[in-house]
Amino acid sequence: MKKIIFLLVLVLVFSCKQQKKEVKTEITFKELTVEEKAQYAALKNEAWKLYQSKDYLQSAKKYSEAFGISGYHGNTSDTYNAACSWALTKEIDSALVHLLRIAKRGEYTNYSHITTDSDLSILHSDKRWNQVLALVKANKEKAEINFDKPLVALLDTIYQDDQGPRRQINDIIKKYGRDSDELKQHWKKIATKDSISLIKVEKILDERGWLSKDIIGNRGNTTLFMVIQHADLEVQEKYLPMIKEAVKKGNIRPGSLALLEDRIAIRKGDQQIYGSQVGRDAETGIYYIYPLQDPDHVDKRRAEVGLGPLQDYVSRWDIIWDSEKYKQQLPDLEKKLKK
């Protein structure tokens, strides 16, 4: 193949999904099996697609199915999204149940987002809305009590430098084409910003190590990870042990580490583990999944790190996942990539 393009761009979306009314008020915590994790991931991904298609009620019901599997302890973003979808179906009670759940547990801290999210507008006239806001504000203040605020501000600037230009890529492709000079120039700008951001992040990591959420927050941790993910192989391998430790401490999601491990494997000429790395044949324009080990059990591995089914992931590139067909094509794919 003449040209290989890494298409995985880490994009952070805090959007809204849904869930149905809950009769239960007691939350049961349970350790999910691998199969249950896979079921949960599949259902929440389906709910998200329904949300995107504006079928809010069906999306909410799918979230309820997912939460039923998890003992009604969905993760914070899923529960928030469920509340949004219920609000969009004008089910105020159900929406507030979900918001109060994550607010009372102290999990939700994004006060600026919840106060400006138009999906929740219908809740503003309910007296319980102010209770939610008070809890979220208190959660935010508690979470940020030990923040290194100058460092948080620096990382926020780095975040914008990393994500801002990448959000413009699709628009440039639509306007000028994938092989246009405009896109090539844009990638050069991104590379320049990435280099500057890496200098700043390496200084932080080398002097202070991988800082916890108590010091730089979730977004600060995400920013550190994104900069390393967009760096070259040598840098990624240098900080991989530090990132693994950050995952153990709950500062980075296991799914994010999985994406980085896949990227490192492909760059080294090895097979990836989770199927996250997708390429495009410059001659045919056809997208493909980079060499993947043990294709038959990839969804099990993805579920273990909180990722949804591979088919849901690769469908954005119009790829149909068929493990048997993939295994047949894999030897030829690997030969082409070695040329």
Side-chain angles (χ1 to χ4, degrees), residues 1-12 154-170 172-173 178-179 181 183-211 216 219-247 251-282 287-293 305 317 333-334 336-339:
M1 299 198 174
K2 290 185 177 179
K3 186 177 182 182
I4 296 172
I5 299 175
F6 276 93
L7 295 169
L8 179 64
V9 178
L10 189 62
V11 177
L12 302 172
L154 172 62
L155 288 170
D156 187 63
T157 299
I158 294 172
Y159 176 90
Q160 298 299 338
D161 287 343
D162 183 279
Q163 289 292 286
R166 285 177 165 84
R167 293 194 184 103
Q168 299 170 3
I169 291 173
N170 285 337
I172 294 173
I173 291 174
R178 189 175 296 279
D179 298 318
D181 290 337
L183 183 60
K184 291 175 184 176
Q185 289 301 315
H186 190 70
W187 273 112
K188 287 182 180 179
K189 292 178 182 179
I190 290 175
T192 299
K193 285 185 176 291
D194 285 353
S195 297
I196 296 171
S197 294
L198 181 59
I199 292 171
K200 296 175 182 177
V201 165
E202 282 200 285
K203 186 175 188 296
I204 294 169
L205 295 179
D206 293 345
E207 292 181 356
R208 303 182 62 176
W210 199 284
L211 297 167
I216 57 174
R219 180 143 135 171
N221 269 274
T222 297
T223 301
L224 293 176
F225 176 82
M226 287 191 305
V227 171
I228 299 303
Q229 170 150 322
H230 295 147
D232 60 31
L233 177 60
E234 183 180 357
V235 172
Q236 291 175 343
E237 291 189 303
K238 174 183 176 181
Y239 293 105
L240 183 60
M242 195 180 288
I243 292 173
K244 288 182 177 179
E245 190 63 27
V247 171
N251 293 316
I252 295 293
R253 292 180 180 179
S256 296
L257 171 60
L259 304 186
L260 179 61
E261 288 178 323
D262 273 359
R263 179 164 290 191
I264 289 173
I266 294 302
R267 284 180 161 180
K268 294 174 68 176
D270 299 330
Q271 293 182 333
Q272 60 179 322
I273 302 170
Y274 304 98
S276 67
Q277 301 301 295
V278 174
R280 176 178 176 268
D281 187 329
Y287 296 100
Y288 58 89
I289 301 169
Y290 274 96
L292 169 67
Q293 63 175 262
V305 295
W317 294 287
L333 174 61
E334 291 183 313
K336 287 182 180 180
L337 290 173
K338 290 178 180 178
K339 290 182 180 180

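All residue numbers in this chain count up from 1 along the given sequence.
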A.B. asks: Please check if the side chain of Glu261 supplies one atom and the backbone of Ile273 the other of a donor-acceptor pair under 3.5 Å.
C.D. replies: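 Not a single qualifying donor-acceptor pair exists.
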A.B. asks: To the nearest 0.5 Å, tell me how far Asp179 CG sits from Ile173 CD1.
C.D. replies: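 Those atoms lie 9.5 Å apart.
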A.B. asks: Would you mind reporting whether Asp161 and Ile196 have side-chain heavy atoms less than 4.5 Å apart?
C.D. replies: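 Ile196 does not reach Asp161 side chain to side chain.
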A.B. asks: Check Ile266 against Asp270 and note the closest heavy-atom contact, atom names and distance.
C.D. replies: CD1-O, 3.5 Å
A.B. asks: Quick check: does any side chain N or O of Gln271 sit under 3.5 Å from a backbone N or O of Ala265, one acting as donor and the other as acceptor?
C.D. replies: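 No; zero donor-acceptor contacts below 3.5 Å.
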A.B. asks: Is any side-chain heavy atom of Leu337 closer than 4.5 Å to one of Tyr288?
C.D. replies: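 Side chain of Tyr288 against side chain of Leu337, heavy atoms only: contact under 4.5 Å found.
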A.B. asks: To the nearest 0.5 Å, tell me how far Arg166 CZ sits from Trp187 CH2.
C.D. replies: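 So the gap between those two atoms works out to 5.5 Å.
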A.B. asks: Mind checking the CD-NZ spacing from Gln236 to Lys268? Nearest 0.5 Å is all I need.
C.D. replies: 11.0 Å
A.B. asks: Show the nearest heavy-atom pair for residues Pro241 and Lys238, with the distance to one decimal.
C.D. replies: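 So the minimum-distance heavy-atom pair works out to CD-O, 3.6 Å.
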A.B. asks: Quick check: closest heavy atoms across Leu292 and Gly275, and the distance to 0.1 Å?
C.D. replies: CD1-N, 3.6 Å
A.B. asks: Using a 3.5 Å distance criterion without hydrogens, assess whether the side chain of Arg263 forms a donor-acceptor pair with backbone atoms of Gln229.
C.D. replies: yes
A.B. asks: Side chain to side chain contact (heavy atoms under 4.5 Å, CB included) between Trp210 and Ile252: does it pass, once the steps are laid out?
C.D. replies: CA-CA 10 Å; Trp210 199 284; Ile252 295 293; 3.7 Å; yes
A.B. asks: Heavy-atom distance under 4.5 Å between the side chains of Pro165 and Lys193, does that happen here?
C.D. replies: yes
A.B. asks: Heavy-atom distance under 4.5 Å between the side chains of Ile216 and Leu224, does that happen here?
C.D. replies: yes
A.B. asks: Please report the shortest heavy-atom distance between Met226 and Tyr159, naming the atom on each side.
C.D. replies: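 Where Met226 meets Tyr159 most closely, the heavy atoms are CE-CD1, 3.3 Å.
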A.B. asks: Taking all non-hydrogen atoms of both residues into account, name the closest pair between Lys200 and Ile158 and its distance.
C.D. replies: CB-CD1, 3.9 Å
A.B. asks: What pair of heavy atoms forms the shortest contact from Leu211 to Asn221, and how long is it?
C.D. replies: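 Of all heavy-atom pairs spanning Leu211 and Asn221, the closest is O-OD1, 3.2 Å.
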A.B. asks: Please tell me if the side chains of Leu260 and Phe225 come closer than 4.5 Å, counting only heavy atoms from C-beta onward.
C.D. replies: yes
A.B. asks: With rounding to the nearest 0.5 Å, note down the distance linking NE2 in His186 to CD1 in Ile172.
C.D. replies: 4.0 Å
A.B. asks: Can any side-chain N or O of Asp262 pair as donor or acceptor with the backbone N or O of Tyr274 at less than 3.5 Å?
C.D. replies: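 Yes: the side chain of Asp262 pairs with the backbone of Tyr274.
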A.B. asks: Quick one, Asp162 and Thr223 - any side-chain contact, counting heavy atoms below 4.5 Å?
C.D. replies: no
A.B. asks: Rounded at 0.5 Å granularity, tell me how far CD1 in Ile228 sits from CG in Leu205.
C.D. replies: 5.5 Å
A.B. asks: What I'd like to find out is whether the side chain of Ile289 reaches to under 4.5 Å of the side chain of Gln272, using heavy atoms alone.
C.D. replies: yes
A.B. asks: Roughly how far, to the nearest 0.5 Å, is CG of Asp281 from NZ of Lys336?
C.D. replies: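 One finds 6.5 Å between NZ of Lys336 and CG of Asp281.
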A.B. asks: Are side-chain heavy atoms of Ile204 and Leu155 found at a separation under 4.5 Å?
C.D. replies: yes
